[in-house]
Amino acid sequence: MKNTPKWMMFLSLAMVLILGACSSNSASGAEQVTAGEQVKYTITGTDPGSGLMRLTAQAMEDYDLSNWTLTESSAAGMTAQLDAAYNNKQLIVFVAWSPHWMFNTYDLKYLDDPKLTYGEPEEIHTIARLGLKDDHPVAYEFLDRFHWTADDMGEVMIDIQNGMDAESAASKWVEENEAKVQEWIEGLEPVNGDPFTLSFVMWDSELASTSVVRYVLEEKLGYKAEALQVEIGPMWIGVANGDVDAMVAAWLPVTHADYWERYADQLDDLGANMVNVKSGLAVPAYMEDVNSIEDLKSYTELYTMWEGTFRIYHGGLPFLAI
């Protein structure tokens with residue numbers, strides 16, 4: 001009898017394991033569910049009416065995700081669901097943007113967007129009401145100079161996330177970055193308690209930037225500044241109507257495109273205060289086989305429990321994952 005090649009022995013052993021796994025699964029009644037089924041074919045969204053939600057609905061159409069549902073939530077609601085899923089190593093697909101503290105806290109990844117539904121990286125712009133330059137030249141010049149990085153913003157966001165109130169986090173950052181702040185206010189003469197109003201949407205990123213700007217206006221430039229938390233639409237409408245002096249939270253040219261198109265002629269765009277910001281769909285990094293939005297349609301990985309061991313099925317052929 002000829003010697004059996006080693007590769008045939010390994011193949012036979014693999015087939016034994018496969019058949020054993022299948023029979024054990026059948027006997028135990030373990031359920032096999034797709035990744036889509038585990039997340040109930042749901043994409044966890046954020047604020048209703050935002051450009052990011054509109055783009056996500058478009059992405060679902062572009063990538064033929066007709067059996068998926070986009071749920072409305074809020075920034076806080078979305079991150080709460082992410083935290084719960086991540087801590088239990090469960091699957092989750094969610095709407096994301098950066099800079100955001102979640103990318104510093106969890107190991108996450110954006111899904112590739114080969115059809116560029118979400119567009120190229122964006123910018124966050126400072127938008128003022130018409131006439132602000134004449135009414136408040138000191139504040140206007142400061143806002144025109146205001147520019148910082150994702151790392152700068154991230155320091156403030158992490159402090160807030162770790163329990164510090166927004167004003168204290170802003171104060172801490174300003175004290176630790178005096179040189180940069182001085183570039184923003186160099187040569188500007190402080191005023192004497194002039195009122196100034198900012199508005200922002202309750203995204204962690206915009207809470208951070210607005211808190212820093214409000215702090216500088218008040219503590220360095222002498223304004224009596226307030227920051228109004230509103231929804232996205234009222235944020236734009238307030239500045240366009242002149243009820244609010246400025247905002248530093250306009251994501252352009254994609255996320256807030258609808259509002260810019262509607263109100264551009266009623267606004268003064270001072271330009272970007274941050275560049276290379278991003279938005280799209282994201283997942284935890286442990287979802288190794290999901291790397292593109294296209295994978296949400298074709299992803300057939302099956303998870304099942306058997307004697308405490310995960311078996312992961314690719315195209316119907318299982319292998320042991322210890």
Side-chain angles (χ1 to χ4, degrees), residues 33-73 75 78-79 81-82 85-86 89-125 149-150 154 203 205 232 250-261 272 274-303 312-317:
V33 293
T34 66
E37 289 170 337
Q38 282 212 5
V39 298
K40 299 180 180 178
Y41 296 101
T42 297
I43 296 172
T44 302
T46 182
D47 305 88
S50 69
L52 188 50
M53 290 289 278
R54 176 182 57 79
L55 287 173
T56 301
Q58 183 62 51
M60 294 170 69
E61 182 178 331
D62 292 347
Y63 290 93
D64 194 22
L65 302 177
S66 57
N67 59 330
W68 287 69
T69 300
L70 174 62
T71 62
E72 296 179 348
S73 182
M78 179 274 292
T79 53
Q81 292 183 64
L82 169 61
Y86 192 92
K89 208 167 184 179
Q90 295 172 340
L91 309 190
I92 184 171
V93 181
F94 58 96
V95 175
W97 60 94
S98 51
H100 193 287
W101 59 263
M102 61 185 165
F103 284 93
N104 299 89
T105 304
Y106 312 108
D107 188 7
L108 307 173
K109 62 183 178 182
Y110 277 105
L111 298 183
D112 292 340
D113 176 20
K115 297 184 179 181
L116 292 178
T117 301
Y118 289 94
E120 299 292 348
E122 295 191 89
E123 299 175 337
I124 305 178
H125 282 227
T149 67
W203 293 357
S205 53
I232 295 174
W251 285 55
L252 296 171
V254 178
T255 302
H256 293 164
D258 291 345
Y259 298 102
W260 177 249
E261 182 178 353
M274 184 180 294
V275 297
N276 293 322
V277 298
K278 186 174 182 179
S279 60
L281 294 183
V283 298
Y286 55 73
M287 292 177 64
E288 296 179 359
D289 290 333
V290 183
N291 297 295
S292 169
I293 301 176
E294 292 178 327
D295 293 337
L296 297 180
K297 182 174 176 61
S298 61
Y299 191 44
T300 59
E301 187 170 63
L302 299 176
Y303 287 76
I312 304 175
Y313 293 72
H314 294 268
L317 295 179

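Hydrogens, waters and symmetry mates are skipped; everything else that's a heavy atom, side chains included, is used. On a predicted model such as this, the values are computed, not experimentally measured, just so you know.
In this structure, P253 and A257 approach most closely via the heavy-atom pair O-CB, 3.2 Å. Looking at every heavy atom in both residues, A150 comes nearest to M274 through N-CE, 3.7 Å. Closest of all the heavy-atom pairs between I92 and P284 is O-CD, 3.4 Å. Taking each heavy atom of W68 and T42 in turn, the nearest pair found is CE3-N, 3.6 Å. Between H100 and T79 the shortest heavy-atom distance is CE1-CG2, 3.6 Å. In terms of heavy-atom proximity, F103 sits nearest to A96 at CZ-CB, 4.1 Å.
In this structure, the side-chain hydrogen bond (donor to acceptor under 3.5 Å, both in side chains) partners of T149, at least two apart in sequence or on a different chain, are D152. S292 meets the side chain to side chain contact (heavy atoms under 4.5 Å, CB included) test with D112, P114, E294, D295; sequence neighbours excluded.
To the nearest 0.5 Å, the span separating NE2 on H125 from NE2 on H256 amounts to 12.0 Å. From L82, atom CG reaches atom OG1 of T105 across 9.0 Å, with rounding to the nearest 0.5 Å. Distance check, rounded to the nearest 0.5 Å: CD of Q90 to CD of Q81 gives 11.0 Å. To the nearest 0.5 Å, atom CH2 of residue W203 and atom CE of residue M78 are 10.0 Å apart. The CD1 atom of I124 sits 11.0 Å away from atom CG of N276, with the distance rounded to the nearest 0.5 Å. For the atom pair CG of D107 and CE of M102, the computed distance is 13.5 Å after rounding to the nearest 0.5 Å.
Under the 4.5 Å side-chain criterion, counting only non-hydrogen atoms from C-beta, T71 is not in contact with I43. For the pair L296 and L111, the minimum side-chain heavy-atom distance is below 4.5 Å. The closest side-chain heavy-atom distance from E123 to L252 is not below 4.5 Å.
Side-chain N or O atoms of Y259 include none that pairs as donor or acceptor with a backbone N or O of I232 at under 3.5 Å. A donor-acceptor pair is defined here as one N or O able to donate and one able to accept, closer than 3.5 Å; no such pair exists between the side chain of E122 and the backbone of S279. Formation of a donor-acceptor pair under 3.5 Å by the N291 side chain with backbone atoms of E288 is found in this model. Side-chain N or O atoms of K109 include one that pairs as donor or acceptor with a backbone N or O of M287 at under 3.5 Å.
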#### Entry: From CA spacing to verdict: side chain to side chain contact (heavy atoms under 4.5 Å, CB included), M53, L70
CA-CA 8 Å; M53 290 289 278; L70 174 62; 3.8 Å; yes
### Query
Does the pair I293 and T117 meet the rule for a side chain to side chain contact (heavy atoms under 4.5 Å, CB included), with working shown?
CA-CA 10 Å; I293 301 176; T117 301; 6.0 Å; no
### Task
Test T255 against Y118 for side chain to side chain contact (heavy atoms under 4.5 Å, CB included), laying out the working first.
CA-CA 8 Å; T255 302; Y118 289 94; over 6 Å; no
### S205 vs W251, side chain to side chain contact (heavy atoms under 4.5 Å, CB included): CA-CA, chis, key distance, verdict
CA-CA 11 Å; S205 53; W251 285 55; 4.0 Å; yes
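Relative ring orientation between Y86 and Y106 is described as tilted, the plane-to-plane angle lying within the 30° to 60° band.
Judged by the 6.0 Å and 45° rule, K297 forms no cation-pi pair with Y63.
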